[in-house]
Number of protein chains: 2
Amino acid sequence: MDHEHNHDACIEQALSSADEICARRGVRLTPMRRKVLERIWQSHEAIKAYDLIGQLSSADRTVKPPTVYRALDFLLEQGLIHRIESLNGFVGCDRPQKAHQSQLFICRDCGHVSECGDEGIRRALDREAARQGFHTEARIVEVRGLCARCQDRAAHA
Amino acid sequence: MDHEHNHDACIEQALSSADEICARRGVRLTPMRRKVLERIWQSHEAIKAYDLIGQLSSADRTVKPPTVYRALDFLLEQGLIHRIESLNGFVGCDRPQKAHQSQLFICRDCGHVSECGDEGIRRALDREAARQGFHTEARIVEVRGLCARCQDRAAHA
DNA sequence: GAGAGAGATGTTATAACATAACATTCCTTA
DNA sequence: TAAGGAATGTTATGTTATAACATCTCTCTC
């Protein structure tokens with residue numbers, strides 16, 4: 001959970017937004033895919049594939065890795081989640097409407113991941129790419145450190 | 001191998017630079033660590049831990065994963081190599097002298113990895129971090145795409 | 001409403017990446 | 001030359017991810 005917001009609403013908003021996007025694109029947000037997305041949205045921290053597998057499995061029915069990885073692939077393709085390379089984890093995408101690069105700020109203490117779509121960062125990367133004659137297809141930007149809240153907490157301890 | 005340069009000289013330069021840096025810091029570039037570094041410098045492409053294990057093993061002596069991972073950890077700590085998160089691979093660091101963030105441009109075709117230390121990118125990230133009150137500890141920037149040379153090659157094919 | 005075909009999911013097995021825990025060796029230095 | 005720390009060796013296992021093939025399900029067409 002996060003910086004006091006109504007997280008239930010947050011989840012609901014994410015899911016209905018996903019429904020809408022998939023409907024518009026003519027792709028299917030199947031029950032499995034939707035369940036995976038819902039689990040990912042349970043928090044604003046990165047969740048790992050095998051944690052999802054555990055959570056989606058029960059005594060009588062174990063979900064197998066390929067099932068979850070396929071759902072994750074779909075959600076990634078549709079831009080509904082982000083993969084965090086440095087954590088082998090996944091988080092919901094804040095702004096699935098518009099294709100955008102993910103610039104992720106990851107707190108090492110509370111695990112909170114926040115996303116931004118700063119044009120300045122993008123431009124700086126594009127400038128350097130242009131200088132090299134490099135044709136950019138994807139940008140991975142992950143900043144590790146301490147979020148404001150955890151700095152406060154540390155200061156008062 | 002890379003964009004026609006004298007790669008042997010490149011390797012040698014990297015190794016002697018590493019020798020010097022380690023001597024200055026009072027840390028030991030042991031034979032194993034040096035061998036791993038040398039292998040990594042065989043090309044400007046990312047190499048994976050298990051490829052290193054394979055290359056360093058022979059019929060009579062197999063190198064075990066912890067051995068290689070420990071050498072990699074040392075080289076990372078000393079800033080002599082970079083880890084590429086999106087590839088689970090490693091490359092030699094161009095400028096091991098000065099601590100610097102790695103901004104890596106990775107060609108999906110030839111695998112070439114080039115490094116830059118652009119201040120503009122760093123500043124843009126710091127600006128956004130400041131806006132969020134985020135205390136940055138590490139920056140991971142990996143740009144995937146096609147290098148100039150591979151674009152040319154594609155255009156003439 | 002039977003069959004074809006695509007898309008999604010299930011299943012088995014294994015590949016690929018990484019580390020914990022403990023034993024041994026090697027290197028320095030007092 | 002013994003003690004202690006650093007490095008490496010060894011065994012085992014934990015974690016992350018995918019290949020390959022079987023089955024199911026939905027929709028569309030005839």
Side-chain angles (χ1 to χ4, degrees), chain A residues 18-19 22-23 25-40 45-78 80-91 106 111 140 142, chain B residues 18-19 22-23 25-40 45-78 80-91 106 111 140 142:
Chain A
D19 285 332
C22 289
R25 292 181 188 161
V27 296
R28 296 168 54 199
L29 190 61
T30 61
M32 177 58 75
R33 291 166 175 174
R34 202 168 192 280
K35 263 189 289 188
V36 169
L37 182 60
E38 185 177 1
R39 284 290 171 181
I40 290 174
E45 298 172 34
I47 187 168
K48 290 170 172 261
Y50 275 74
D51 291 338
L52 289 167
I53 290 168
Q55 292 180 15
L56 295 169
S57 295
S58 55
D60 54 327
R61 183 150 172 295
T62 82
V63 171
K64 306 295 186 355
T67 301
V68 166
Y69 279 102
R70 284 191 286 230
L72 291 169
D73 286 344
F74 171 85
L75 297 170
L76 285 168
E77 272 166 24
Q78 298 302 323
L80 298 170
I81 61 173
H82 293 295
R83 175 178 168 80
I84 303 180
E85 298 291 348
S86 60
L87 246 34
N88 295 329
F90 302 86
V91 283
I106 304 155
I140 296 161
E142 299 176 8
Chain B
D19 285 332
C22 290
R25 292 181 187 161
V27 296
R28 295 166 55 199
L29 189 63
T30 60
M32 177 59 75
R33 291 167 175 174
R34 201 170 193 281
K35 262 190 289 189
V36 169
L37 182 59
E38 185 176 0
R39 283 291 170 182
I40 289 173
E45 298 172 33
I47 186 168
K48 290 167 173 262
Y50 275 72
D51 291 338
L52 288 167
I53 290 168
Q55 292 181 16
L56 295 168
S57 295
S58 54
D60 53 330
R61 184 150 171 296
T62 82
V63 172
K64 307 294 187 351
T67 301
V68 166
Y69 279 103
R70 285 191 285 232
L72 291 169
D73 286 344
F74 171 86
L75 297 170
L76 286 167
E77 272 167 23
Q78 298 302 321
L80 298 171
I81 61 173
H82 293 295
R83 175 178 167 80
I84 303 179
E85 298 291 347
S86 60
L87 245 37
N88 295 329
F90 302 86
V91 281
I106 304 154
I140 296 161
E142 298 176 9

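Naming convention: chains lettered A, B, ... in sequence-line order (proteins, then strands); numbering from 1 in each chain. Side chains included, hydrogens not; waters and symmetry mates left out as well; all remaining heavy atoms used.
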State, to 0.1 Å, how close [X] and [Y] come at their nearest heavy-atom pair, and which atoms those are.
X	Y	result
A:Arg39	A:Leu52	CB-CD2, 3.5 Å
B:Phe90	B:Leu76	CE2-CD1, 4.1 Å
A:Leu29	A:Phe74	CD1-CE2, 4.1 Å

Just the rounded figure in Å: distance from [atom2] of [N] to [atom1] of [X].
X	N	atom1	atom2	result
A:Asp51	D:dG14	CG	C1'	13 Å
B:Leu29	D:dA6	CG	P	17 Å
A:Lys64	D:dT23	NZ	C1'	13 Å
B:Leu56	D:dT8	CG	P	12 Å
B:Ile53	D:dT11	CD1	P	15 Å

Quiz item: So what does B:Arg34 touch, heavy atoms closer than 4.0 Å: a base, only the sugar-phosphate, or nothing?
Solution: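 No contact.
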Quiz prompt | Phosphate-side-chain proximity, B:Arg70 and D:dA7, N/O vs OP1/OP2 below 4.0 Å | solution =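 No.
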Exercise. Walking along DNA chain C from 5' to 3', note the first and the last nucleotide with an atom under 4.0 Å from a heavy atom of chain B, and give both.
Key: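 Here the contact window of chain B covers C:dC17 to C:dC27.
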Self-check item: side chain to side chain contact (heavy atoms under 4.5 Å, CB included) evaluation trace for A:Thr67 with A:Met32
Solution: CA-CA 8 Å; A:Thr67 301; A:Met32 177 58 75; 3.6 Å; yes
Quiz item: If you measure from the Lys or Arg side-chain nitrogens to the Asp or Glu carboxylate oxygens, is any gap between A:Asp19 and A:Arg34 under 4.0 Å?
Solution: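 So A:Asp19 pairs with A:Arg34 through a salt bridge.
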Practice problem: Name the residue closer to the 5' end of DNA chain D, choosing between B:Thr67 and A:Leu87 according to the nucleotide with the nearest heavy atom. | Solution: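 On the 5' side of the pair lies B:Thr67.
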Quiz item: Considering heavy-atom distances to DNA chain D, does A:Arg28 or B:Phe74 have its closest nucleotide positioned more toward the 5' end?
Solution: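 Result: B:Phe74.
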Exercise. Quick one: list whatever passes salt bridge (charged side-chain N to carboxylate O under 4.0 Å, His left out) with A:Arg33, sequence neighbours left out.
Key: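 Once residues adjacent in sequence are excluded, A:Arg33 has no partner under the salt bridge (charged side-chain N to carboxylate O under 4.0 Å, His left out) criterion.
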